[in-house]
Amino acid sequence: MASGSGSGSLMWFRKGLRIHDNPALERAAQSTKFLYPVFIIDPHYMEPDPNAFSPGSTRAGLNRIRFLLQSLADLDLNLRKLGSRLLVLKGEPSQVLFRCLKEWDVKKLCFEYDTEPYYQALDIKVKDHASIAGIEVFSPVSHTLFNPADIIQKNGGRPPLSYQSFVKLAGQPSWASSPLSVTISSLPPVGDVGGCEISEVPTIKELGYGDIEQDEFSPFRGGESEALKRLKESIDNKEWVAAFEKPKGDPSAFLKPATTTLSPYLKFGCLSSRYFYQCLQDVYRNVKRHTSPPVSLVGQLLWRDFFYTVAFGTPNFDQMTGNRICKQIPWNDNNELLVAWRDAKTGYPWIDAVMTQLHKWGWMHHLARHSVACFLTRGDLFVHWEKGRDVFERLLIDSDWAINNGNWLWLSCSSFFYQYNRIYSPISFGKKYDPNGDYIKHFLPILKDMPKEYIYEPWTAPLSVQTKAKCIIGKDYPKPVVPHDSASKESRRKMAEAYSLNQKLNGKVSEEDLKKLRRKLEEDSEDTKQEVKTKRMRQKLIC
DNA sequence: GTTGCGTTGGCTTG
DNA sequence: CAAGCCAACGCAAC
């Protein structure tokens, strides 16, 4: 049943779901009689999990699964325009791949290099197998602007830990400025697929997600075509590109978000970061003045590369324990607080609106992410950043292993950033941008009739106002899970204690040390409670 | 050891 | 609306 031609080449798509500027695809298409473009659906990633806290599989929320399927459908369409098609297979990726390589007598295997631990492990297996079977492998770095390994080598074997030092090491981005991969005008035909079970790109329904109800759908449509359309819309506005300053963006803007919203397309590689980079450079050349990193749009691409580089060079990057660059902090394990945060029931409308946007859209503005991440960890709830990371990883369409973990380390003051006194207020931070609370009213319609004087703190509204707004606090909308003033004060104190322990032990904090510190912190807080009690009693006596 | 800097806090004051 | 204060961190350069 095998094709028997012996001149097949296989393009294995994972990320990099695009035709444009795709070095692996370009090489796969060169001097071969047959080209097999393959995507493997891993049931572990895609199968519905009824026990998950939101619709989706065990690991991915439905919005991201939908985005991926749309991206695959678009890739298939674009491949067909070039005389090819996407071959979709199901199963454990390496098993499926090895079967295909054998069945189709593949002589050349091409896939984009991937720095994530999951692919690092998988790809070693694949490369070993290919080398034994005498199959040529081509696995270029084309997901990022730089090769993280190069940067780390330049820095003497360790990744740079500040943005500025990263930019310095990166210097002139030679690869980023190099010519794009040639535009492909046609592809070799797909050969006989033999006994391998090929399917079309499945629909959400075919994966078993039939009866999902959703009142508001994510405004993002997956795929390279959509990515290029959005890119063009962004860069056509030259003044906007030239003046872009990330921290000045409005996190509450949802009708017209303050950023390019290209992150999901970069995540899946529907858009080449190198192509994006060169489009931005084109704009910069044609305007009098433009902003610079870290705040400019090019700066944002460099942030992406920064986190990829640190993540690649740091063992156990995605956890606190065993992570060289991560402060050891006695986070709590309070599931109730975590669930309140996760399910948009903290009683702080700004926080809950942001979390609702996360559930519905799978995307929110960078600063909105900051404020909810700070609130969950070092700001108010003191819940472990890994718990928040898991929620983001599942629900974000653009969730990216390196960037997501990097930002949680950042916001929890576990690494990169250490000014734990700077806490985002769950009340005033949003108010600053959106004093009328339009963002809150959109994502939390229960509060749509709450007067703007109370919309950020509805529990302070007189009962008559609550009644008139048809929203009784504690019944229709929750009371605050914690009082921000005292909770944030307490968090500051815990951070100070944890930092001094880290300093004392030179970062070598054991689990036992953390346990001790937790006990000490609890005792201290008992003391405070006792003091308050005593004071009250004294006052009573005086009265 | 000292100094300067670090993607983007909140609050009060002039 | 900008500046200064809060209270003060780690890290790198010197």
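When reading the values below, keep in mind they use all heavy atoms of this one structure, side chains included, and skip hydrogens, waters and symmetry mates. In the text below, chain A, chain B and the rest are named by the order of the sequence lines, each starting its count at 1. Source: prediction; values computed, not measured.
Relative orientation of the W408(A) and F392(A) rings is perpendicular, given thresholds of 30° and 60° on the angle between their planes.
Residues of residues 363-372 of chain A that place a heavy atom closer than 4.0 Å to DNA chain B, in numerical order, are H366(A), H370(A). Within residues 301-331 of chain A, the residues approached by DNA chain B to less than 4.0 Å at the level of any non-hydrogen atom are W303(A), in residue-number order.
Scored by the side-chain hydrogen bond (donor to acceptor under 3.5 Å, both in side chains) test, D250(A) finds S252(A) as partners (sequence neighbours excluded). The side-chain contact (heavy atoms from CB on, under 4.5 Å) test applied to I427(A) returns Y348(A), S425(A), K431(A), Y456(A), E457(A), W459(A), not counting sequence neighbours. Scored by the side-chain contact (heavy atoms from CB on, under 4.5 Å) test, P483(A) finds S486(A) as partners (sequence neighbours excluded). With sequence neighbours left out, the side-chain contact (heavy atoms from CB on, under 4.5 Å) criterion links N421(A) to R492(A). Shown here are the side-chain contact (heavy atoms from CB on, under 4.5 Å) partners of A311(A), two or more places apart in sequence or in another chain: F317(A), W401(A), A402(A).
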In the 5'-to-3' direction, what one-character label does each nucleotide of nucleotides 9-14 of chain B receive under the scheme B = base within less than 4.0 Å of a protein heavy atom, S = sugar-phosphate only, - = no such atom? BSS---
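Residues in residues 148-161 of chain A take part in no side-chain hydrogen bond (donor to acceptor under 3.5 Å, both in side chains) pair, two or more places apart or across chains. Every pair passing side-chain hydrogen bond (donor to acceptor under 3.5 Å, both in side chains) that includes a residue from residues 288-300 of chain A is listed here, sequence neighbours excluded: K246(A)-Q300(A). The list of side-chain hydrogen bond (donor to acceptor under 3.5 Å, both in side chains) pairs with a residue in residues 266-280 of chain A, not counting sequence neighbours, reads D21(A)-S272(A), D21(A)-R274(A), S178(A)-R274(A), Y277(A)-Q281(A).
Cation-pi geometry between K360(A) and F443(A) is not met: the NZ or CZ atom fails to fall both under 6.0 Å from the ring centre and inside 45° of the normal.
Considering only side-chain N and O atoms, Q419(A) lies nowhere under 4.0 angstrom from the phosphate OP1 or OP2 of dA7(C).
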With Watson-Crick and G-U wobble geometry limited to distances under 3.5 Å, how should the secondary structure of DNA chain B be encoded in dot-bracket form, using | for bases paired to another strand and [ ] for crossing pairs? ||||||..||||||
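Across all strands, E245(A) comes closer than 4.0 Å to no nucleic acid atom at all (heavy-atom distances).
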